[in-house]
Each structure stands twice: as C-alpha cells, then as structure tokens.
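Worth saying up front: this structure is predicted, and the values here are computed from it rather than measured.
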2 protein chains.
Amino acid sequence: MRIADPLQDSCAGAATRDCRHGLATNGCEDCKVRLFSVCAALEVPELEELDRISQAREVPARTTLFEQSTLAGSVFNVTDGVVRLYKSLPDGRRQIVGFALPGDFLGLALQDRYGVTAEAVTAVAVCRFARPAFLAYVDDKPHLLRRLHEFAGHELSLAQEQMLLLGRRTAEEKIAAFLLNMQARYARIGTVSVTVPLPMSRQDIADYLGLTIETVSRTLTRLAREKVVLIVPDGVRLLDLERLKLAGAS
Amino acid sequence: MRIADPLQDSCAGAATRDCRHGLATNGCEDCKVRLFSVCAALEVPELEELDRISQAREVPARTTLFEQSTLAGSVFNVTDGVVRLYKSLPDGRRQIVGFALPGDFLGLALQDRYGVTAEAVTAVAVCRFARPAFLAYVDDKPHLLRRLHEFAGHELSLAQEQMLLLGRRTAEEKIAAFLLNMQARYARIGTVSVTVPLPMSRQDIADYLGLTIETVSRTLTRLAREKVVLIVPDGVRLLDLERLKLAGAS
DNA sequence: CGGGGTCATTGATGCAAATCAATGACCCCG
DNA sequence: CGGGGTCATTGATTTGCATCAATGACCCCG
C-alpha cells in the first residue's frame with residue numbers, strides 16, 4: 001500500500017502506519033499537525049475495511065474530478081499533485097477557494113452535491129471512496145465522525161481567513177500571505193526546501209487572491225527587485241521572511 | 001420554554017416541538033430548510049437532558065460574546081437579535097465573516113479556540129451550552145453528530161460563496177447579493193415582510209462586503225434612484241427583484 | 001532549426017472604489 | 001429647545017488595481 005499520509009514526515013520517529021487513504025495515521029500523540037488531518041486511531045480490522053472501499057486513481061493535469069452542484073458520488077484523498085477548487089460566475093469570472101495538496105480531502109463535507117468544482121492542476125493521484133460506502137463506514141464510528149467534524153471546522157476557519165484576505169488585504173499582502181501559506185503547507189507534507197513550489201499558473205494564483213494575472217506578476221517582480229523573494233522556475237525562494245511576514249501576517 | 005426554532009414558520013402545519021436551543025425540531029420531513037439547521041429527531045428524554053445543560057442569556061447591543069483565539073468555552077444558539085462574526089488585522093481593518101440571526105449557532109465547529117470574534121449588533125438573546133457538557137451530550141448521539149457535520153458543511157459552502165463575492169464581484173453585485181441573501185434568511189425565520197430589516201450599520205455591511213461605508217451608501221442610493229430598492233428606516237424594501245437577481249445571482 | 005502555442009512579464013492608460021472632506025439627519029439628554 | 005454625539009449621505013479628488021496592448025520566454029513538435 002502506498003503511503004500518502006501528510007503527517008509521515010512531521011511526525012518523524014513515531015510508528016507510522018501505511019496509509020494511502022489519509023484516514024488513519026500513526027500514534028504520534030503530541031504532533032500538533034495531527035488535528036489538521038483526519039486521522040483516527042483506527043484498528044487493523046477497520047483499516048482493512050477502509051482499504052476495501054477505496055480505490056487508487058491517477059488523472060492527468062487539467063482533468064475535472066467533479067463539478068460544482070453535481071451529485072456528490074465520491075470522497076477523495078489527494079495522494080500526489082495539486083488540485084484547484086473553484087466557483088464560477090455565469091460570465092466566467094472565477095474564484096479559486098482552495099488548492100488541495102497531497103493529504104487533503106475533497107468532498108468531506110459529505111453533502112449531497114459538490115459545492116465547488118475540482119480540477120487537477122498537475123498530474124494527480126487520488127484515493128477514491130464511493131460516498132455510500134464511505135458514509136456507511138463512517139456512520140458507526142463516532143470517534144471518526146468527531147475527527148471529520150473537527151476537520152470541517154478547520155476548513156471553515158481557513159475559509160474565514162481567506163475572506164479576511166480577499167476583503168481587506170492589499171495586493172502585496174495577499175501575495176505575501178499566499179507564499180507564506182504555501183511554504184507552511186509544503187513543509188507540513190515534508191517538502192522542506194528553501195524554494196516554495198508553485199505548480200499552479202499565475203492565473204490560478206490571481207483567481208485565488210482576487211487579483212489579475214498582471215498584478216500577481218508585477219507584485220512578484222517587485223518583491224524580487226526588493227530582494228524579498230527570488231523567482232525560480234515553478235516556484236519562489238523566500239529570502240526575507242521577516243519582510244514577508246510583516247505584509248502577510250494575520 | 002420559549003420557542004426560537006427558525007423552522008417553525010417555514011414548516012408551518014407540521015407538529016412543532018418547543019425548542020429554544022435549536023437542536024431539536026418538528027417532524028416536518030420534507031422541509032428543505034431542515035438540513036440547514038441542526039435539528040435531529042431527538043426524543044423527550046434527550047430533550048430534557050439538553051434542557052438541563054442549557055441556560056438562557058440576554059446581552060445588550062455591542063456586547064462581545066467571545067473573542068477570536070480565546071478558549072472556546074461555550075456553544076451558543078441565537079434566539080433573538082443579530083450577532084456579527086469577524087476577524088481583524090492588527091491595524092484595525094475588519095472583515096465580518098457572517099451575521100448570526102435567530103436560530104443560528106455560534107461555536108459549533110467545536111474547536112478548542114474561537115476562530116472569530118462575536119459581538120451583539122442589537123440586543124441579543126442566546127441559549128448557552130457549556131462546551132464540555134455539550135460535547136458530552138453530543139458524543140454518544142451519532143445521528144446528531146452527523147447533523148452537526150452537515151451543518152458545518154453548509155457553513156463552509158456559504159463561506160466559499162462569500163469568497164466568490166469578495167474576490168470577484170463588483171460593489172453593486174455585492175450589495176444586491178447581500179440584500180437578496182438577507183431577505184431569504186429573514187424569510188426563513190418567519191419575517192416575511194416586503195421590507196428587509198438591516199439592523200447592522202453601514203460600516204458593518206461595508207466590512208462584510210469588503211467595501212467602504214461610502215461605497216455602500218452610494219450604491220444603495222443609486223439602486224434607490226433607479227427604483228430597484230426603497231430605503232426605509234432600519235431596512236430596505238426590494239422593489240425590482242429581477243433587476244437585483246441579475247446583479248446578485250450566483 | 002523554425003513556427004505556432006501557451007504563459008509570464010512589462011508598459012501605457014483607464015476606471016471603480018478608496019480616501020478626504022463637508023453636510024445632513026436623527027437621537028438623546030440636559 | 002438646543003447642543004453634542006453618532007451615523008449616513010453626498011461631493012471632490014486620488015489611487016490601486018484592472019484593462020488594454022506588446023513583447024518576451026519557453027516548449028513542443030514537425
């Protein structure tokens with residue numbers, strides 16, 4: 001079984017259980033990150049059951065995983081690549097409400113219909129659960145339900161933070177917060193590098209931050225000119241964290 | 001026991017159980033709104049238990065119910081009045097992430113700390129639950145947990161809709177969407193009037209929509225000049241719903 | 001190597017909303 | 001009734017970001 005638990009690296013040293021579906025994890029009790037994923041102390045028989053109802057799937061870039069307001073038939077755990085989640089207006093204006101990285105779940109709200117559209121930004125690997133099976137699996141496991149609920153609460157919290165960003169921050173603050181956030185998220189899944197990967201296009205970043213592609217580009221080059229960041233292929237190196245935090249802090 | 005169930009009017013005709021705490025409701029099975037509140041088919045003994053752990057409380061306008069990032073000690077159900085939920089930046093810029101109306105819950109994410117600050121806009125009546133007692137009450141009721149989770153999913157959905165509004169809509173579209181939304185919410189709690197109440201200040205509306213007070217005022221007067229709305233004390237009368245929907249539709 | 005495609009950068013210009021600045025409309029209370 | 005407080009409206013002006021318009025940097029593939 002392939003390992004896709006985002007916690008594997010941040011909980012280094014603890015006994016980690018194989019986990020491609022993201023629902024189980026190791027026994028690292030004091031790891032703060034733990035709460036941010038849906039990981040319960042599932043026992044072996046439960047894990048085997050979970051395994052039976054899951055299936056791995058790979059999709060190329062630009063593939064739509066599911067579309068806004070269609071019937072929610074699946075729950076996904078992203079195991080590799082990046083997925084964009086967005087809402088659109090009839091005239092084509094688009095707001096990306098989030099990027100899903102390895103370890104993130106899609107459709108966990110367990111609503112009848114998807115509230116957003118999910119598209120692969122890069123080539124993506126997911127672990128798919130049929131919704132009925134997932135619901136059945138989850139329904140008699142209160143501890144797991146609790147975890148799911150905590151997880152939803154965390155997502156709501158992130159959404160509210162993003163509302164603050166969209167409504168009240170300047171372009172530079174938006175970019176700074178975005179870069180710091182991506183760095184933190186990649187660090188959490190074990191990509192600890194001086195360079196923060198930015199696999200999504202400038203248009204994606206713009207649609208996530210409520211800006212235009214030109215403003216994203218200009219702001220990044222200005223930050224680069226001021227030696228705050230260094231723009232590299234498919235990413236950005238953060239040079240002056242203090243200066244970035246000044247702009248991007250919550 | 002005072003009745004504060006937001007569903008009482010929209011489910012007119014069904015046998016409605018008294019409910020000041022918002023967690024129980026009638027047996028109106030086909031009511032669409034049902035899913036939007038946390039209402040489970042709780043039995044009488046459960047209701048009595050719920051009653052024991054709840055306490056009614058009234059707070060005057062401008063009172064803070066709880067503050068962002070403090071320890072979450074309570075769960076609230078608003079039974080009367082309006083509450084604003086917001087996040088702030090260090091320099092004072094504020095983003096209101098939602099208004100809680102009668103029937104709405106605060107702190108249902110059940111996280112350790114509150115993610116936002118909650119302040120009474122008007123005089124407010126709430127039903128308070130101590131968090132530990134509420135958790136204990138909820139923990140062995142999987143059906144209730146499911147409801148709570150559905151509720152959280154709905155809240156997330158609303159937040160994402162607001163992100164689209166904040167990031168991609170014009171001032172006029174924001175105002176139009178806000179007015180239609182308030183109308184729908186007041187209709188749901190039984191305030192079916194040609195006039196939509198707006199108990200919050202222009203500053204509150206501005207901070208909710210990512211605008212300034214002046215832009216809110218100007219946009220409203222323009223809509224009034226164009227006979228789309230009529231501005232009345234403490235509210236707005238919607239005259240041309242079609243025209244509003246044109247601007248505010250999702 | 002060269003042409004066409006996609007995406008990012010850069011510059012010139014425009015405009016929607018912010019900012020600055022009065023003025024107006026109520027209140028409340030002495 | 002009148003003065004001070006708060007909040008909303010309206011007007012003049014500025015500005016941050018969007019829009020419009022080229023140009024540049026890669027790719028891929030023939």
Dot-bracket notation for DNA chain C is requested: 5' to 3', Watson-Crick or G-U wobble pairs only, both distances under 3.5 Å, with ( ), [ ], | and . as defined.
||||||||||||||||||||||||||||||

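- Atom pair B:Arg93:CZ and C:dT19:C1' shows a separation of 14 Å (rounding to whole Å applied).
- A residue-by-residue look at B:Val216 and A:Ile231 shows that A:Ile231 has its nearest nucleotide of DNA chain C further toward the 5' end.
- No option in A:Gln95, A:Glu119, A:Arg94 other than A:Glu119 meets the side-chain hydrogen bond (donor to acceptor under 3.5 Å, both in side chains) test with A:Tyr86.
- Side-chain atoms of B:Lys87 do not come within 3.5 Å of backbone N or O of A:Leu164 as any donor-acceptor pair.
- Ranking D:dT9, C:dT10, D:dG11 by closeness to the B:Arg218 side chain, first place goes to D:dG11.
- Protein atom CZ of A:Arg222 is 14 Å distant from nucleotide atom C1' of C:dT9, rounded to whole Å.
- Atom CG of A:Asp240 is separated from atom NZ of A:Lys245 by 10.0 Å, given to the nearest 0.5 angstrom.
- Side-chain contact check for A:Leu198 versus A:Phe99: every heavy-atom pair is 4.5 Å or farther apart.
- Closest to the side chain of B:Leu211, out of C:dA17, D:dC17, C:dT10, is C:dA17.
- Between A:Gln203 atom CD and D:dT19 atom P the separation is 11 Å, expressed in whole Å.
- Using modelled atom types, no side-chain atom of A:Ser157 and backbone atom of A:Gly153 make a donor-acceptor pair closer than 3.5 Å.
- Comment: B:Asp207 does not engage B:Arg84 in a salt bridge, judged by the lack of any side-chain N to carboxylate O separation of less than 4.0 angstrom.
- Distance CD1 (A:Ile205) to C1' (C:dA8): 11 Å, rounded to an integer number of Å.
- An OP1 or OP2 oxygen of D:dC17 is reached within less than 4.0 angstrom by no side-chain nitrogen or oxygen of A:Thr215.
- Note that OH of B:Tyr208 is 11.0 Å distant from CD1 of B:Ile205, once rounded to the nearest 0.5 Å.
- Summarising the geometry, the separation between CG on A:Leu209 and C1' on D:dC17 is reported as 14 Å, rounded to the nearest angstrom.
- Considering CG of A:Asp104 and CD1 of A:Ile189, their distance stands at 8.0 Å, rounded to 0.5 Å.
- The CD1-P distance, from A:Ile213 to D:dT19, rounds to 12 Å in whole Å.
- Taking atom CG of residue A:Asp207 and atom P of nucleotide C:dA8, one finds them 12 Å apart after rounding to whole Å.
- Side-chain N/O atoms of A:Ser217 include none lying less than 4.0 angstrom from OP1 or OP2 on C:dT10.
- DNA chain C is contacted by both B:Glu214 and A:Leu220; A:Leu220 maps to the nucleotide lying nearer its 5′ end (nearest heavy atom per residue).
- Contacts of A:Arg62 with the nucleic acid, taken as non-hydrogen atoms under 4.0 Å apart, involve only primed sugar atoms and P, OP1 or OP2.
- Contact annotation: B:Thr212 reaches the phosphate of C:dA18 (side-chain N/O to OP1 or OP2, under 4.0 Å).
- Contacts of B:Arg225 with the nucleic acid, taken as non-hydrogen atoms under 4.0 Å apart, are absent.
- To the nearest angstrom, P of D:dC26 lies 12 Å from CG of A:Asp234.
- The shortest distance between the side-chain N/O atoms of A:Arg202 and the OP1/OP2 oxygens of C:dT9 is below 4.0 Å.
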